Structures are given as structure tokens and as C-alpha cells.
Amino acid sequence: MPDFEALRRDYVRLLIREGVRLQPGQRLVLSAAVDQADIARACAEEAYNAGCREVIMNWSDDALTRMRFLRAESDVFDTCAPWRSLLYNSLAEEGAAWLFLDSDDPENLKGVDPDRIRRSQVASGKAVKTFRMLETSNGFPWCIAAVPSPAWARLVFPDLEETAAVARLWEEIFKAARCTRGQAVADWRAHSDTLQKRVAILNEYNFKSLHYQNALGTDLTVELPEGHFWAGGAEKCTKNGVEFSANIPTEEVFTLPRRDGVNGTVVASKPLALNGNIIEGLRFTLCGGKIVSLSARRGEDILRNATEVDEGASYFGEVALVPYDSPISNSGVLFYSTLFDENASCHFAFGDAYPCIRGADGMDEDALLSMGVNQSITHVDFMVGTADLSITGTTHDGRVVPVFVNGNFAF
Ligand code: ZN
Ligand code: ZN
């Protein structure tokens, strides 16, 4: 087994060579927390080795983010600095590669006025609209990957002391990224191929609707729009035609629901880390696609705010299938990070839909809406998979096909 330093080098290589698959002459925008400078430098070095034109740093700091939310004047949360929209939108349009190293403390914004969080999301959502649009339509290559911070590691492993917790979290991150044998790029590609095989089967069935049921109380019918397709594994950048892996890790295959075609009740199976807060016991009831009632044992006001940031936030935008027996799920670890927890479990998202629909390229918002593609400035995944989850699909010619039996793929 390679030692820690060797694994970390292999991980960095995976993020640059396979995550964003950086091409010679391309810029890299690297988002990282200031206390992750070591690994940020290693990523920059690997990027220059791959022929990067220039690495542009986008630094953040949990403590300063929290301080701003608590202490800045209230009206600053209604605007977004023009330089920020220029940075995001222009580099996205150029086709720069974006690597987000996520190490955020999931509880960093605990106790912050949820209205400040909501207003700031609305403002930044408007300011970086071009960036978001290009991100969801693969207009530039991007990758979100995790790096442990002490605060995050302590939350995940409360019984370990800090250094041990960070080491343990690294171990879980390596395992989930298939980075254990010193050949992470090759092992990741093999995994990505498995996901693409499932995608092919689902696209062949071309289901009209899916019906979810389990003992937690989920009983939900999800219609899929005409012309939808499933995606998963590597995706192709529309700008340079190169395949990239938007999430490392990923276990999901996903598509979009028809905006007005979701009906019934859905209950989350794991806590959700949302805007620096933790939501537990989430339950939504939907009618004609719209969330008509919601509740949560913890964080209900945060959840309610999140579904009210705009009209589309109260409709679903993603349907994702993940076997209950996935490596992340089998680890038994609750990560309080959507990047990991969503890959341990079947999930939905409320908010913006990935336009997984044939012929959607270049369509304007109204045309997308009329095809059943939800639009919002937000997109929040929440986990619904359980060991007893059953999903049945109904085809356009009325055949009923088991898709999930006892939490896992039936095929
Ligand atoms: Zn997802
Ligand atoms: Zn999602």
C-alpha cells in the first residue's frame, strides 16, 4: 500500500488529469481555503506540469466568511461585487478549468441569520448567472473534490483527536476516490465506465415515470420529461470536447424530473448540510411538482428559506440513483458533506435542473420551462436512499420494471 504522501500525490494527479482533465494552454481557476495552501500548491504544480497557461487562485477562509455574515452591514448581502461576477463569468466563458477543493466546516454558518444567507445567495446567483449556466451545461470543465479541514474532520469523527480525525478523513476520501493503489487515474476511469453502462440501460428503457417507496414514509411518483436522458461518470465539455469528472467521488447516475410531474411524499434518510447548517428529518409533500408542505426536526427555518429563494426552488431539479451498497455507504460514515453523502444514497435535488434533455442546447429559459426543465438559482441535493428502498419504472408502453430492489439496482 502506498504511503500517505504517495497517495496524496496520486490524488492531486487524479484531480488535475482526470477531474478537470487540464489541457495545455488552458487556464485553471483553483478555489481553496487558505489553510489548504499546501495541497493548492501541489495542484497548481501538477497543472503547470500538464501545460497550464496560468493558475488563478480563488482563496476563501471559513472564519472570515462567518465573520462577514455576523458583522458586515446588512445591505451588503443584497449585492455582489462587480469584480466577482467579472471573474466568474469571463473565465467560464473562456473555457477555463475550475477545480474546487472543498474543506468547509459544515457548521460554519450555524447561528447566522438565515435571511442574510438567502439574500446573499440571490445576489450572487444573479451576478454569476453566466457561470452557473455554463457550469450546468458543461460549457467548461470543472471538478469538486474534498480536502479535510480539522473542523470538518472533528465533526465526522467526534471520538478521535484532531490529527487522527484528519488522517481518518483523508483515508475515507482516498477510498471513495478509488485512490488506494497508486494508479488512481486508471482505477477512476474503470469506475466511470461502470456508471456509463448503467446510464445506457436506463436510457434504453426510457421510463415515463418512477415510483419510490420505503418504510420511512417515502411514497413518491416522479415523471420524467419527454426526451430526457440519464448521465453519469465522465461528462463531455461542450467547449473543448474533452471528458471531465465533475465530482470526485461520484457514484450516481442522474436525470431530471418533469417540473410539474412529481407527486407524493418524500422523507430524507440522512441529515443534510445546507448553507453551513444541518437539517435533520426533512420531509416534503409535493403536488403537481411543487413542494406544498415541508417539515424538519432540526433546521426547518433554514430549509424553508432555501426552498423560497425563488419560484423554482420549490420544484425538483434532479433524480439520482445510487446503490445502497456503494463504497461510501458501506463505510458507514456520515460526512455532513453533500459531495459524499449524496453518493451514499439515492437523492433528489430541489432547485435548478441539469438540462438532461435532448435538443436543450441553446434553448432559452422559457423554452426549457415548457419542456419541463426547472430553473432556479439554487440546487440542493438531499438523500432518500435506504436499505429497503424500492423503485419501479413504468415505460411508455405500460411495462412495469423493477429498477431498485432492497436499496440496490435490479439490473
Ligand atoms: Zn446528484
Ligand atoms: Zn445535485
Side-chain angles (χ1 to χ4, degrees), residues 1 4 7-8 11 102-107 144-181 184 187-188 191 194-195 198 212 214-218 232 247-254 266-274 277-283 296-299 320-349 380-391 404-410:
M1 169 123 176
F4 174 76
L7 287 174
R8 210 182 73 149
Y11 184 62
D102 182 7
S103 60
D104 293 355
D105 171 1
E107 292 193 299
I144 306 178
V147 178
S149 61
W152 179 25
R154 273 198 314 265
L155 182 69
V156 179
F157 300 110
D159 299 335
L160 299 180
E161 53 96 16
E162 188 169 293
T163 319
V166 169
R168 181 67 210 287
L169 188 50
W170 264 122
E171 207 179 293
E172 293 299 334
I173 290 171
F174 289 151
K175 263 194 261 173
R178 275 43 176 199
C179 178
T180 54
R181 306 196 298 163
D187 287 348
W188 184 262
H191 167 56
T194 304
L195 297 179
R198 288 184 187 138
Y212 288 64
N214 68 12
L216 261 188
T218 292
N247 285 357
I248 294 182
T250 181
E251 303 289 338
E252 66 172 350
V253 298
F254 63 95
V266 61
V267 183
S269 57
K270 286 174 185 282
L272 162 66
L274 174 61
N277 288 272
I278 290 167
I279 316 286
E280 280 177 346
L282 170 161
R283 174 188 285 262
R297 273 197 312 280
R298 181 177 169 196
L321 302 178
V322 178
Y324 193 71
D325 287 325
S326 77
I328 298 171
S329 172
N330 287 339
S331 77
V333 175
L334 183 63
F335 289 87
Y336 299 100
S337 159
T338 300
L339 180 63
F340 285 78
D341 295 330
E342 75 158 354
N343 282 306
S345 174
C346 283
H347 55 275
F348 296 107
V380 178
D381 295 280
F382 60 96
M383 284 54 83
V384 302
T386 52
D388 70 334
L389 180 67
S390 94
I391 306 174
F404 262 57
V405 177
N406 291 330
N408 290 304
F409 271 101

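Model, not experiment: these values are computed from the prediction.
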Check: Do Phe409 and Val253 touch side chain to side chain, with heavy atoms closer than 4.5 Å?
Finding: yes
Item checked: Counterpart residues, side-chain hydrogen bond (donor to acceptor under 3.5 Å, both in side chains), relative to Asp325 (two or more places apart) -> Asn408
Next item on the list: Determine, step by step, whether Ile173 and Phe340 satisfy the side-chain contact (heavy atoms from CB on, under 4.5 Å) criterion, reporting the C-alpha distance in whole Å, the side-chain angles of both residues, the deciding distance to 0.1 Å, and the verdict.
Entry: CA-CA 9 Å; Ile173 290 171; Phe340 285 78; 3.7 Å; yes
Margin query: Under the criterion side-chain contact (heavy atoms from CB on, under 4.5 Å), I'd like the reasoning laid out for Ile328 against Phe335: C-alpha separation, chi angles, the key distance, then a yes or no.
Written below: CA-CA 9 Å; Ile328 298 171; Phe335 289 87; 3.7 Å; yes
Notebook entry, point to check: Taking Ser345 for the side chain and Gly385 for the main chain, is one N or O donor matched with an acceptor at less than 3.5 Å?
Noted result: yes
Next item on the list: Taking Thr338 for its side chain and Asp381 for its backbone only, find out whether a donor-acceptor pair lies under 3.5 Å.
Entry: no
Next item on the list: State, with a plain yes or no, whether a side-chain heavy atom of Ser337 is found less than 4.5 Å away from one of Pro106.
Entry: no
Margin query: Using every non-hydrogen atom in the two residues, find where Phe157 and Ala165 come nearest and quote the distance to one decimal.
Written below: CD1-O, 3.8 Å
Check: Would Glu107 and Tyr336 satisfy side-chain contact (heavy atoms from CB on, under 4.5 Å), going step by step from the backbone distance to the final call?
Finding: CA-CA 9 Å; Glu107 292 193 299; Tyr336 299 100; over 6 Å; no
Next item on the list: Check for a donor-acceptor pair, side chain of His191 on one end and backbone N or O of Thr250 on the other, with a separation under 3.5 Å.
Entry: yes
Notebook entry, point to check: NZ of Lys270 to CE of Met383: how many Å apart, nearest 0.5 Å?
Noted result: 7.5 Å
Notebook entry, point to check: Can you tell if the side chain of Phe404 reaches within under 4.5 Å of the side chain of Leu321, non-hydrogen atoms only?
Noted result: yes
Margin query: Looking at every heavy atom in both Leu339 and Pro249, which two are closest together, and how far apart are they?
Written below: CD1-O, 3.9 Å
Next item on the list: Output the distance between atom CD (Glu171) and atom OG (Ser331), rounded to the nearest 0.5 Å.
Entry: 11.0 Å
Checklist line | Near-ring test Phe4/Trp170, centroid separation under 6.0 angstrom | finding: yes
Notebook entry, point to check: What are the two closest non-hydrogen atoms of Asp341 and Val333, and how far apart are they?
Noted result: OD1-O, 4.2 Å
Check: Using a distance-only test with no angle check, is there a side-chain donor-acceptor pair under 3.5 angstrom linking Thr386 and Asn214?
Finding: yes
Margin query: For a quick test of reading the model, state the closest non-hydrogen atom pair linking Val322 to Ala344 and the distance between them.
Written below: CG1-C, 4.0 Å
Notebook entry, point to check: With Trp188, which residues qualify under side-chain hydrogen bond (donor to acceptor under 3.5 Å, both in side chains), at least two apart?
Noted result: Ser245
Note to self: Could you report the tightest heavy-atom contact between Pro271 and Ile278, atom names first, then the distance?
What the structure shows: CB-CG2, 4.0 Å
Notebook entry, point to check: Does any N or O in the side chain of Asp388 come within less than 3.5 Å of the main-chain N or O of Ala215, such that one atom is a donor and the other an acceptor?
Noted result: yes
Check: Can you pull the side chain to side chain donor-acceptor pair (under 3.5 Å) pairs that have at least one residue in residues 155-167, sequence neighbours excluded?
Finding: Arg154-Glu162
Margin query: Is there a side-chain contact between Val380 and Leu274 in this structure, where contact means two heavy atoms from C-beta onward sitting under 4.5 Å apart?
Written below: yes
Item checked: Phe174 CZ to Leu7 CG distance, which is reported to the nearest 0.5 Å -> 5.0 Å
Notebook entry, point to check: Is there side-chain contact between Asp102 and Trp152, with at least one heavy-atom pair below 4.5 Å?
Noted result: no
Next item on the list: Flag yes if more than 12 heavy atoms outside Tyr324 fall under 6.0 Å of its OH atom; otherwise flag no.
Entry: no
Margin query: Working to the nearest 0.5 angstrom, can you tell me the gap between Glu251 CD and Leu195 CG?
Written below: 6.5 Å
Notebook entry, point to check: Does the Arg178 side chain pair with the main chain of Ala176, one donor and one acceptor, at a distance under 3.5 Å?
Noted result: yes
Next item on the list: Taking the six-membered ring for Trp and the full ring for Phe, Tyr or His, determine whether the centres of Tyr212 and Phe348 are under 6.0 Å apart.
Entry: yes
Notebook entry, point to check: Does the pair Arg181 and Asp187 meet the rule for a side-chain contact (heavy atoms from CB on, under 4.5 Å), with working shown?
Noted result: CA-CA 8 Å; Arg181 306 196 298 163; Asp187 287 348; 2.8 Å; yes
Check: Closest heavy-atom contact between Pro150 and Val166?
Finding: CA-CG2, 3.8 Å
Next item on the list: For His347 and Glu342, indicate whether the former's side chain and the latter's backbone hold a donor-acceptor pair under 3.5 Å.
Entry: yes
Notebook entry, point to check: Do Asn406 and Ser390 come close enough that some side-chain heavy atom pair is under 4.5 Å?
Noted result: no
